[in-house]
Visitor: 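Mind looking over this structure? Questions follow.
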Protein chains: 2
Amino acid sequence: MSTATGQVSPFPTPERRRRDRSAKREAILDTALELFLEQGYHHVTLNQVAERLHITKPALYNYFAGKTEILFACWMAGFEQAAEAIARIEAGPGDGLTRLRALIRDYGLLMTTPRGRCLIRFDDRDFTPEQRDRISACKKQVDAAFRSWIAAGIEDGSIRPCDPKMAAFVIGGALNWIGQWHRDDGPMSPQAVVDDFADRLTKGLATD
Amino acid sequence: MSTATGQVSPFPTPERRRRDRSAKREAILDTALELFLEQGYHHVTLNQVAERLHITKPALYNYFAGKTEILFACWMAGFEQAAEAIARIEAGPGDGLTRLRALIRDYGLLMTTPRGRCLIRFDDRDFTPEQRDRISACKKQVDAAFRSWIAAGIEDGSIRPCDPKMAAFVIGGALNWIGQWHRDDGPMSPQAVVDDFADRLTKGLATD
DNA sequence: ACATTTGATTACCCATGGGTAATAAATCGA
DNA sequence: TCGATTTATTACCCATGGGTAATCAAATGT
């Protein structure tokens, strides 16, 4: 990887080449996502994406099969973040209420980032039917996490008995909405928003 | 308007003609809205809209200046419903909490109808800058109604002191989200949903 | 050195769909 | 009855933008 003088070798190893390629894919993804969120999917041309990366449109096809593939990859990148948060909380300690609050904070924070925003700002109908099916399954996973920890909280006594499904709709709706109104240049820091939301959304649920 | 025999005259008055024209405009609006919600704005062609009305595309231009005008008119029709609900509640009796609950119910019900759904399912970036400005002003009105009645409730003692802005974000988000998940052929009636939501969303706010 | 693979470019294709004449038919007012 | 207006139709135009073919250059590895 580097010579004795500390310089990076100009002859990259196969490993390095794989990383380069992957980095380029990520760069395309981030640029496209940025544009999609700025202007809306249908107003973004692949020429724009390429231009912002200082390449030309056909070069994109070395990394993605088409425009919808890019859109789908963006969405999946966002979902991975959510899935990681869920797995992390699942693996950690705490009763139902504690876990629910943690998820509200993590998911809410995600909604203030481009990766998270695309989960709800993209229109389902812009995906192919196959992509839609996979996305639908992913959404179910997230919803299931909310519901299961609410149910767990009722079970362990940390949450007052209620309908987990409806509670999850309220909480999910409030959180997803953050992706619509929150501005990075606004007066409220993401952390302040989600702390407030975690309190507010569990106030009516907690048993204490 | 009609003869002594009860038959409608085949010679419509100017008044009748104006009504006919207006009815046609409405028909275009309803059909377009239906298609926009089914397939998404960018996947709907004006030919489709025309076809469903048994006319041809250029005929639409007798009633609307273009595709975005139709989209805008749909949005405004939805907003009028919201504005009416707000005015009705404003004119009626009740303290802050009562009015807030009434708005939650009415706005939530609206979100289960096509007219209401378009308020949040349409993408702002598909409108012209001028249209966007007007829409932005309308949205502010709705948000202001939520905030003002929360503030009024705090003032009159029916609602516990809190930040009306954040409370309105939570409530608005949960309600807008209804437009995304509620299906008419689903298990929950619109009325059942909003009754549940009205309770749930004011449980943490009420002083009692 | 040299054939091979990879990655990028230029130049092009072409379906789509919003929008516009030019025109015809129905309706109106007088 | 007859010109004027309204409303609809047929036949187009054409900018847009996703996607492809042919080609070129550069790194690869044997």
Side-chain angles (χ1 to χ4, degrees), chain A residues 1 8-29 31-32 35-36 38-74 123 125-128 131, chain B residues 1 8-29 31-32 35-36 38-74 123 125-128 131:
Chain A
M1 293 294 262
V8 175
S9 163
F11 304 101
T13 64
E15 162 64 20
R16 163 84 190 281
R17 298 195 76 227
R18 223 176 306 127
R19 280 233 315 281
D20 282 357
R21 184 176 173 81
S22 166
K24 288 182 189 173
R25 247 188 85 102
E26 291 262 323
I28 293 173
L29 228 55
T31 303
L35 282 164
F36 290 161
E38 274 174 27
Q39 309 176 12
Y41 177 66
H42 290 282
H43 297 122
V44 175
T45 72
L46 291 184
N47 277 322
Q48 278 182 291
V49 177
E51 193 178 7
R52 198 173 276 201
L53 288 160
H54 310 294
I55 56 175
T56 56
K57 178 175 61 172
L60 297 174
Y61 285 82
N62 283 320
Y63 303 93
F64 293 95
K67 197 181 179 188
T68 65
E69 289 295 325
I70 298 179
L71 186 75
F72 181 65
C74 286
D123 190 330
R125 289 160 303 197
D126 292 333
F127 296 102
T128 68
Q131 292 170 339
Chain B
M1 291 294 263
V8 174
S9 163
F11 303 102
T13 63
E15 161 64 20
R16 164 83 189 282
R17 297 195 75 230
R18 221 176 307 127
R19 278 235 314 284
D20 282 356
R21 182 176 174 80
S22 167
K24 288 182 189 172
R25 248 188 85 103
E26 291 261 324
I28 293 173
L29 228 55
T31 303
L35 282 164
F36 289 160
E38 273 175 27
Q39 310 177 8
Y41 177 66
H42 290 281
H43 297 122
V44 175
T45 72
L46 291 184
N47 276 323
Q48 278 183 291
V49 177
E51 193 177 8
R52 198 171 276 200
L53 288 160
H54 311 295
I55 55 175
T56 57
K57 179 175 61 172
L60 297 173
Y61 285 82
N62 283 319
Y63 302 93
F64 293 96
K67 197 182 179 188
T68 65
E69 289 293 327
I70 298 178
L71 187 74
F72 182 65
C74 286
D123 190 331
R125 290 161 302 199
D126 292 333
F127 296 102
T128 68
Q131 292 169 339

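In the text below, chain A, chain B and the rest are named by the order of the sequence lines, each starting its count at 1. From a predicted model like this one, the values you see are computed outputs, not experimental measurements.
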Visitor: For the side chain of B:K67, counting heavy atoms from C-beta on, which of C:dG18, D:dT7, D:dA8 is nearest?
Guide: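 Among the listed nucleotides, the one closest to the side chain of B:K67 is C:dG18.
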
Visitor: CZ of B:F64 versus C1' of C:dG19: gap in Å, rounded?
Guide: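 The distance from CZ of B:F64 to C1' of C:dG19 comes to 16 Å, rounded to the nearest Å.
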
Visitor: Find the bend of the helix from C:dA1-D:dT30 to C:dA30-D:dT1 as the angle between its two terminal axes (five pairs each), to the nearest 10°.
Guide: 10°

Visitor: Give a yes or no on this: more than 12 heavy atoms of other residues, nucleotides or ligands lie within 6.0 Å of atom CD of A:E51.
Guide: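 Open: at most 12 neighbouring heavy atoms sit under 6.0 Å from CD of A:E51.
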
Visitor: Give me the distances for all protein-to-nucleotides 22-25 of chain C N/O pairs that come in under 3.5 Å?
Guide:
none

Visitor: Going from CG on A:L53 to NZ on A:K24, what distance comes out if it is rounded to the nearest 0.5 angstrom?
Guide: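 Rounded to the nearest 0.5 Å, the CG-NZ separation comes out at 11.0 Å.
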
Visitor: Tell me, do B:L46 and B:I70 make a side-chain contact under 4.5 Å, heavy atoms counted?
Guide: yes

Visitor: Which heavy atom of A:T56 sits nearest a heavy atom of A:A50, and at what distance?
Guide: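 Nearest pair, atom of A:T56 first, then A:A50: C-CB, 3.5 Å.
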
Visitor: Please state how far atom CG in A:N47 lies from atom C1' in D:dG19, giving the value in whole angstrom units.
Guide: 11 Å

Visitor: Rounded off to whole Å, could you give me the CG-to-P distance for the A:L71 and D:dG18 pair?
Guide: 12 Å

Visitor: Look at atom CD of B:Q39 and say whether more than 12 heavy atoms of other residues, nucleotides or ligands are closer to it than 6.0 Å.
Guide: yes

Visitor: Between B:V49 and B:V44, which heavy-atom pair has the shortest distance, and what is it?
Guide: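 Minimum heavy-atom separation between B:V49 and B:V44: CG2-CG1, 3.8 Å.
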
Visitor: How are the rings of A:F36 and A:Y41 set to each other: parallel, tilted or perpendicular (split at 30° and 60°)?
Guide: perpendicular

Visitor: Given atom NE2 of B:H54 and atom C1' of D:dT9, what is their separation to the nearest angstrom?
Guide: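 Roughly 17 Å, once rounded to whole Å.
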
Visitor: Do any side-chain nitrogens or oxygens of A:T56 fall under 4.0 Å of OP1 or OP2 in C:dT9?
Guide: yes

Visitor: Atom CD of A:Q39 to atom P of D:dG17: distance rounded to whole Å?
Guide: 10 Å

Visitor: Should the pair B:K67 and B:F72 be classed as cation-pi, given the thresholds of under 6.0 Å to the six-membered ring centre and 45° from the axis?
Guide: no

Visitor: If I take atom CG in residue A:L46 and atom P in nucleotide D:dT16, what distance separates them, rounded to the nearest angstrom?
Guide: 16 Å

Visitor: B:H42 vs A:H43, test: side-chain contact (heavy atoms from CB on, under 4.5 Å). Steps then yes/no.
Guide: CA-CA 10 Å; B:H42 290 281; A:H43 297 122; 3.8 Å; yes

Visitor: Between A:A73 and A:F64, what is the shortest heavy-atom contact and its length?
Guide: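 Smallest interatomic distance, heavy atoms only, reads CB-CE2, 3.8 Å.
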
Visitor: So which nucleotide from C:dT9, D:dT7, C:dG7 ends up closest to the side chain of B:K24?
Guide: D:dT7

Visitor: Given side-chain contact (heavy atoms from CB on, under 4.5 Å), test B:T68 with B:F127 step by step and report yes or no.
Guide: CA-CA 6 Å; B:T68 65; B:F127 296 102; 5.8 Å; no

Visitor: Tell me whether the OP1 or OP2 atom of C:dG7 has a side-chain N or O from A:R21 closer than 4.0 Å.
Guide: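 Yes, such a contact exists.
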
Visitor: Taking any heavy-atom pair under 4.0 Å as a contact, classify B:V49: base, sugar-phosphate, or nothing.
Guide: nothing

Visitor: Looking at A:R25 and A:E69, is any side-chain nitrogen of the basic one under 4.0 Å from a carboxylate oxygen of the acidic one?
Guide: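 Not counted as a salt bridge, because no side-chain N and carboxylate O are separated by less than 4.0 Å.
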
Visitor: Quick one: A:N62 CG to D:dG19 P, roughly how many Å, whole number?
Guide: 15 Å

Visitor: Can you tell me how far C1' of D:dT9 sits from OH of B:Y63, to the nearest Å?
Guide: 13 Å

Visitor: For nucleotides 20-23 of chain D, print each protein N/O atom paired with a nucleotide N/O atom at under 3.5 Å, atom names and distance only.
Guide:
none

